[in-house]
K.L.:
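Input: one structure, supplied below.
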Number of protein chains: 2
Amino acid sequence: MAEALKSPRRPRRAGRQPRSRQSVLGKAGDSGLAALGRASRQTLQAQVYDRLKSAVMTGVLAPGQPVSIRGLASALGTSPIPVREALRHLAAERAVEVQPNGSVAVPEMTRARFEDLRRTRLVIEGFATELAAASMTPATIRRVEGLFAQVDALHRSGDVKKFLAQNQRMRFVIYQAIDSPTLMPIIESLWLQVGPFFNLSMAEPHLRRSLSYDLAAINALKRGDGPEARKWIERDISETGDYILSLLKG
Amino acid sequence: MAEALKSPRRPRRAGRQPRSRQSVLGKAGDSGLAALGRASRQTLQAQVYDRLKSAVMTGVLAPGQPVSIRGLASALGTSPIPVREALRHLAAERAVEVQPNGSVAVPEMTRARFEDLRRTRLVIEGFATELAAASMTPATIRRVEGLFAQVDALHRSGDVKKFLAQNQRMRFVIYQAIDSPTLMPIIESLWLQVGPFFNLSMAEPHLRRSLSYDLAAINALKRGDGPEARKWIERDISETGDYILSLLKG
DNA sequence: TTGTGAAATATGGTATATCGCACTTGGCCG
DNA sequence: CGGCCAAGTGCGATATACCATATTTCACAA
């Protein structure tokens with residue numbers, strides 16, 4: 001058994017910090033060995049990606065503010081490489097923009113861009129909603145209705161951030177029912193692009209109306225009435241867009 | 001002033017190969033300093049990305065065949081890092097798939113996936129065509145007609161590969177007329193996903209029909225008739241899909 | 001001959017080092 | 001007093017090093 005010879009391949013340089021592959025970012029309090037089965041096979045790049053994605057969606061990263069790879073890396077306690085790859089991934093989804101000098105930033109929103117996004121969302125999410133009507137199982141309906149109840153409660157409690165997060169989850173459960181590996185990433189990318197601005201600017205007078213449209217859409221989905229559900233989702237996207245656009249003016 | 005100590009940062013290790021940033025991949029025979037002004041500010045990652053994208057589109061990379069990062073890197077004469085990033089970028093666009101072990105491959109095509117792609121393309125490219133009708137300038141029309149002539153000639157000459165390449169260029173000129181930073185990347189991603197299979201399987205009996213639809217669409221665009229143009233593009237996508245699907249059966 | 005397991009190999013992921021550019025800063029000259 | 005040049009600093013891009021795991025190969029024994 002020459003294994004003892006092989007295990008320590010090389011003398012191992014002194015100042016090396018192997019840094020265990022998991023849980024570098026996930027600060028979930030691992031209770032001993034339980035962690036082994038949990039996030040075992042998550043690459044750092046994927047963890048950083050998830051974090052940044054959520055940071056973009058929740059508006060933690062302000063639009064226009066440049067983000068430095070090294071800064072993020074040191075903030076997250078990793079080397080620049082996983083951060084670079086996560087940022088590239090987000091850039092491919094248009095969640096962030098690569099600046100001429102190479103650093104990245106959440107893109108600024110202009111009226112033109114927002115209107116472009118809105119018309120695209122109308123077409124794609126409208127289509128997706130109509131498709132979803134044919135794929136809704138009773139279990140999915142229940143899931144959606146449960147989420148709607150939560151969203152409604154969050155609306156009453158006034159927690160806009162959580163409201164939007166759960167609202168997104170609800171929508172995505174609907175879209176996921178289609179089981180379309182083509183549509184889903186497109187819709188995710190669209191939400192990543194408009195999401196930050198919802199978080200920054202959505203306010204009460206509009207939320208209630210949006211909720212009523214969602215409810216109408218859910219009821220239509222329950223009946224399997226795709227065109228009707230589509231109509232309500234389109235109305236929601238369209239009027240929410242009007243609202244955001246009215247804020248972009250000033 | 002301890003600066004003098006700092007300026008020559010370190011003695012510079014002997015065996016270092018700085019490897020000029022450009023033209024590592026571009027084997028265009030640089031004639032001396034002329035190269036300086038040419039591809040100056042292209043990162044390696046971007047060059048690798050372009051190459052791989054074209055390799056995927058033209059079917060050079062066979063679906064399912066795993067691509068090793070290191071293999072590509074040494075084939076291209078770079079380190080693995082730019083290759084990794086280019087592959088991640090392509091993976092985000094669904095042009096390649098990250099395998100469970102971390103390497104990547106062009107995804108296999110199944111009937112289900114192809115039908116999913118087709119219905120999505122019908123909606124998105126149909127919409128895009130209709131929009132384009134409102135944005136076509138005389139110059140764009142001329143450009144498209146010029147490309148159509150080339151495509152037609154290539155069809156007669158029987159060079160399917162070049163035919164498809166120019167055909168794509170023609171379509172993208174139309175879509176680009178919309179000037180939609182949202183739609184364009186989506187359409188590109190869709191073409192990256194279906195492109196390889198066109199290259200592998202398109203054959204004569206279908207090409208002529210497809211060309212006639214394209215011509216009809218172009219004429220409709222010229223008249224500014226968006227719905228009509230949309231109809232022809234949709235018919236093209238739909239019937240080309242039928243054709244490919246008939247091949248996927250066997 | 002074949003199955004099993006261990007070593008060799010290949011490969012992905014990531015840390016570190018270094019290059020070269022870009023932007024900043026400070027000083028000098030007009 | 002203002003603008004321009006030069007050093008300095010920060011950062012992105014990339015090469016290299018090295019670990020850990022997946023895969024292959026090969027030897028040995030049943």
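Within every chain, numbering begins at 1; the chains are lettered A, B, ... in the order of the sequence lines, protein sequences first and strands thereafter.
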K.L.:
Can you check the B:L76 CG to D:dA15 P distance for me, whole Å?
P.N.:
11 Å
K.L.:
With B:A92, which residues qualify under side-chain contact (heavy atoms from CB on, under 4.5 Å), at least two apart?
P.N.:
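Here the qualifying residues are A:H89, A:A92.
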K.L.:
Just jot down the salt bridge (Lys or Arg N to Asp or Glu O under 4.0 Å) partners of A:E85, sequence neighbours excluded, or say none.
P.N.:
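Result, salt bridge (Lys or Arg N to Asp or Glu O under 4.0 Å) vs A:E85: B:R84, B:R88.
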K.L.:
Nearest to the side chain of A:I69, heavy atoms from C-beta on, is which of D:dT16, D:dA13, C:dT14?
P.N.:
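Per side-chain heavy atoms of A:I69, the pick is D:dA13.
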K.L.:
Can you tell which of D:dT14, C:dG12, D:dT16 lies closest to the side chain of B:Q45?
P.N.:
D:dT14
K.L.:
Checking contacts here: which listed nucleotide (D:dC11, C:dA15, C:dT11) is nearest the side-chain heavy atoms of A:S68?
P.N.:
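When the side chain of A:S68 is considered, D:dC11 is the closest of D:dC11, C:dA15, C:dT11.
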K.L.:
Between D:dA15, D:dA13, D:dT16, which one does the side chain of B:T78 approach most closely?
P.N.:
D:dA15
K.L.:
May I ask you to list the residues of residues 82-94 of chain B, by number, that have any heavy atom positioned under 4.0 Å from an atom of DNA chain C?
P.N.:
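Residues of residues 82-94 of chain B under 4.0 Å from DNA chain C: B:R84, B:R88.
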K.L.:
Can you find a side-chain donor-acceptor pair between B:Q166 and B:Q150 that sits under 3.5 Å?
P.N.:
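Present: a donor and an acceptor within the cut-off.
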K.L.:
Check salt bridge (Lys or Arg N to Asp or Glu O under 4.0 Å) between B:E108 and all other residues, then give those that pass, not counting sequence neighbours.
P.N.:
none
K.L.:
Any salt bridge (Lys or Arg N to Asp or Glu O under 4.0 Å) pairs touching residues 55-67 of chain B, not counting sequence neighbours?
P.N.:
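Matches after skipping sequence neighbours: none remain.
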K.L.:
Side chain to side chain donor-acceptor pair (under 3.5 Å): which pairs involve residues 181-192 of chain B, sequence neighbours left out?
P.N.:
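Sorted pair list: A:D116-B:T182, B:E125-B:W191, B:S189-B:Q193.
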K.L.:
Quick one: on DNA chain C, does A:I81 or A:N101 contact a more 5' nucleotide (nearest heavy atom)?
P.N.:
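In this pair, the answer is A:I81.
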K.L.:
Any side-chain N or O of A:S79 less than 4.0 Å from the OP1 or OP2 oxygen of C:dA15?
P.N.:
yes
K.L.:
Rounded to the Å, how far apart are B:Q42 CD and D:dG12 P?
P.N.:
19 Å
